[in-house]
Structures are given as structure tokens and as C-alpha cells.
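Just below is one structure, and these are the notes that go with it.
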Amino acid sequence: MAFKPFKTLLFGFAFSPSLKANVFEVMRLAHLFNASLIFVHVGEKTDEKERLFNLLIDECHEKSKIINVYWRDGEPVKTLSKACESFKVDLLLLGALKRENVLKFYLGSIARKLTRGAPCSVLLMLNPSVERQHCKHIVVNGFDSPQTKETVEASFYVAKSLGSHNI
């Protein structure tokens, strides 16, 4: 199976300190990939949360043509995995925090479980930013598996879209 460009992206969001940077980053990615963007919050929907989230979306300069926001109850890993399947998501976007070693990063338990069992490709965002920072490096897991060829092709697509020269 040959790689097909990402057309549907999903970002599961929480109201964390990095929410604004993450929203700006995923909006840019959706714009660069010319893809639709789905936001899913697993947790209670309140008028205040909805208002704050809509304000963040309105602040973004680069936007996907199609943006959908969903509010779901349930266990985050199962709910987000099910959303990826039901919305036929091509790329799941996850935030990750750097540790002291540049080659290591920290994944919370939700991101760790989603990375291991996602029904689609996964992109870890190590340094989300409100202002665009050019991507210098892309790290790809290309272990011997039936998906390796498609994974490598996807990494070149992402690198080209982001203007990165190092994979």
C-alpha cells in the first residue's frame, strides 16, 4: 500500500498550559497539509471552555478550511482511538515534552498508549509554538515492519511540507 497524503488530522486537547501553542501548531499543520482538522476534548463541555477554545481558534492566522470540534465523555485513550477510527483519521497529533536529553522525550500515559496502539499515523510535537518555528529535524521509527515503506514515504511528505531538510 503506497502512502497517501494526510487529509484528516485529529488533535485530542486538554486545557493545559500548552493548549494555545498546540492549537496554533495543529492549525498550521492542517493548513500546510491542506487537510481537515478535528479537535476532540474528552471531558465535560462547559460554556466557558467552549468560549475559550473558540477564542484560540479565532486567534490563529493559518487555518484549515474544515475544522470540527467535538466534546466526548469517556476514557481518553479509548475515546480518542475510537474517534480516529470513526472519523477515518489519517494523522493523530500528540504533544510531547522534552526532557534533559535531546534524544529523549516524555510522553504522558495517554500519549504513550495512543502512540503504541493508534489506528493511524502519529506525529509527536515536541516544541509547539504560537509563532512558526521551522522544523530542523524529523525522527522516524523505520523498524522492519509491513508499514516501514509507507512510514518512510510519509516522513518525506511531512519533511517537504514543513520545509525540513533532515530526516
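Along the sequence shown, the residues carry numbers beginning at 1.
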- Message: Among residues at least two apart in sequence or on other chains, which ones pass salt bridge (Lys or Arg N to Asp or Glu O under 4.0 Å) with E75?
- Response: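 Checked E75 against salt bridge (Lys or Arg N to Asp or Glu O under 4.0 Å); zero matches.
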Quiz item: Are L56 and L19 close enough, and set up right, to give a side-chain contact (heavy atoms from CB on, under 4.5 Å), and what steps lead you there?
Solution: CA-CA 9 Å; L56 282 178; L19 178 60; 3.7 Å; yes
Of all heavy-atom pairs between [X] and [Y], which one has the smallest distance, and what is that distance?
X: C84; Y: C120; result: SG-SG, 4.0 Å
X: G12; Y: L80; result: CA-CD2, 3.9 Å
X: A83; Y: L10; result: CB-CD1, 3.9 Å

* Salt bridge E85-K82, side-chain N to carboxylate O under 4.0 Å ->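 No, no charged N to carboxylate O under 4.0 Å.
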Output side-chain donor-acceptor pairs under 3.5 Å for residues 40-47, partner residues at least two apart or in another chain, one line each.
residue: H41; atom: ND1; partner: F13; partner atom: O; Å: 2.9
residue: K45; atom: NZ; partner: E50; partner atom: OE2; Å: 3.4
residue: T46; atom: OG1; partner: K49; partner atom: N; Å: 3.0

Check your understanding: By side-chain hydrogen bond (donor to acceptor under 3.5 Å, both in side chains), which residues pair with D90, not counting sequence neighbours?
Key ->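 Expected list: none.
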**Prompt:** Of all residues at least two apart in sequence or in a different chain, which pass the side-chain hydrogen bond (donor to acceptor under 3.5 Å, both in side chains) check with T151?
**Reply:**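 Counting only residues at least two positions away or on another chain, T151 forms no side-chain hydrogen bond (donor to acceptor under 3.5 Å, both in side chains).
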Please output the side-chain donor-acceptor pairs of residues 156-164 that fall under 3.5 Å, not counting sequence neighbours, one pair per line with the distance.
residue: S161; atom: OG; partner: Y157; partner atom: O; Å: 3.0
residue: S164; atom: OG; partner: C135; partner atom: O; Å: 3.3
residue: S164; atom: OG; partner: K136; partner atom: O; Å: 3.4

May I have the step-by-step check of side-chain contact (heavy atoms from CB on, under 4.5 Å) for V122 and L94, ending in yes or no? CA-CA 7 Å; V122 176; L94 299 173; 3.6 Å; yes
[atom1]/[X] to [atom2]/[Y] distance, rounded to the nearest 0.5 angstrom?
X: L92; Y: L123; atom1: CG; atom2: CG; value: 9.0 Å
X: K113; Y: S81; atom1: NZ; atom2: OG; value: 11.0 Å
X: F11; Y: L93; atom1: CZ; atom2: CG; value: 7.5 Å

Counting only pairs under 3.5 Å, give me each side-chain donor-acceptor contact of residues 27-38, with atom names and distances, residues two or more places apart or in other chains.
residue: R28; atom: NH1; partner: V130; partner atom: O; Å: 2.8
residue: R28; atom: NH2; partner: E25; partner atom: OE1; Å: 3.1
residue: R28; atom: NH2; partner: S129; partner atom: O; Å: 2.4
residue: H31; atom: ND1; partner: K63; partner atom: O; Å: 3.4
residue: S36; atom: OG; partner: K7; partner atom: O; Å: 3.2

If hydrophobic clusters are built from ILVMFWY residues whose side chains come within less than 4.5 Å, do V89 and I66 share one?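 In one cluster: no.
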Quick one: does [X]'s side chain get under 4.5 Å of [Y]'s, heavy atoms only?
X: V23; Y: F53; result: yes
X: N166; Y: I138; result: no
X: N68; Y: F39; result: no

Practice prompt. May I have all residue pairs that pass salt bridge (Lys or Arg N to Asp or Glu O under 4.0 Å) and include part of residues 52-61, sequence neighbours excluded?
Written response: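 Those involving residues 52-61 are K20-E59.
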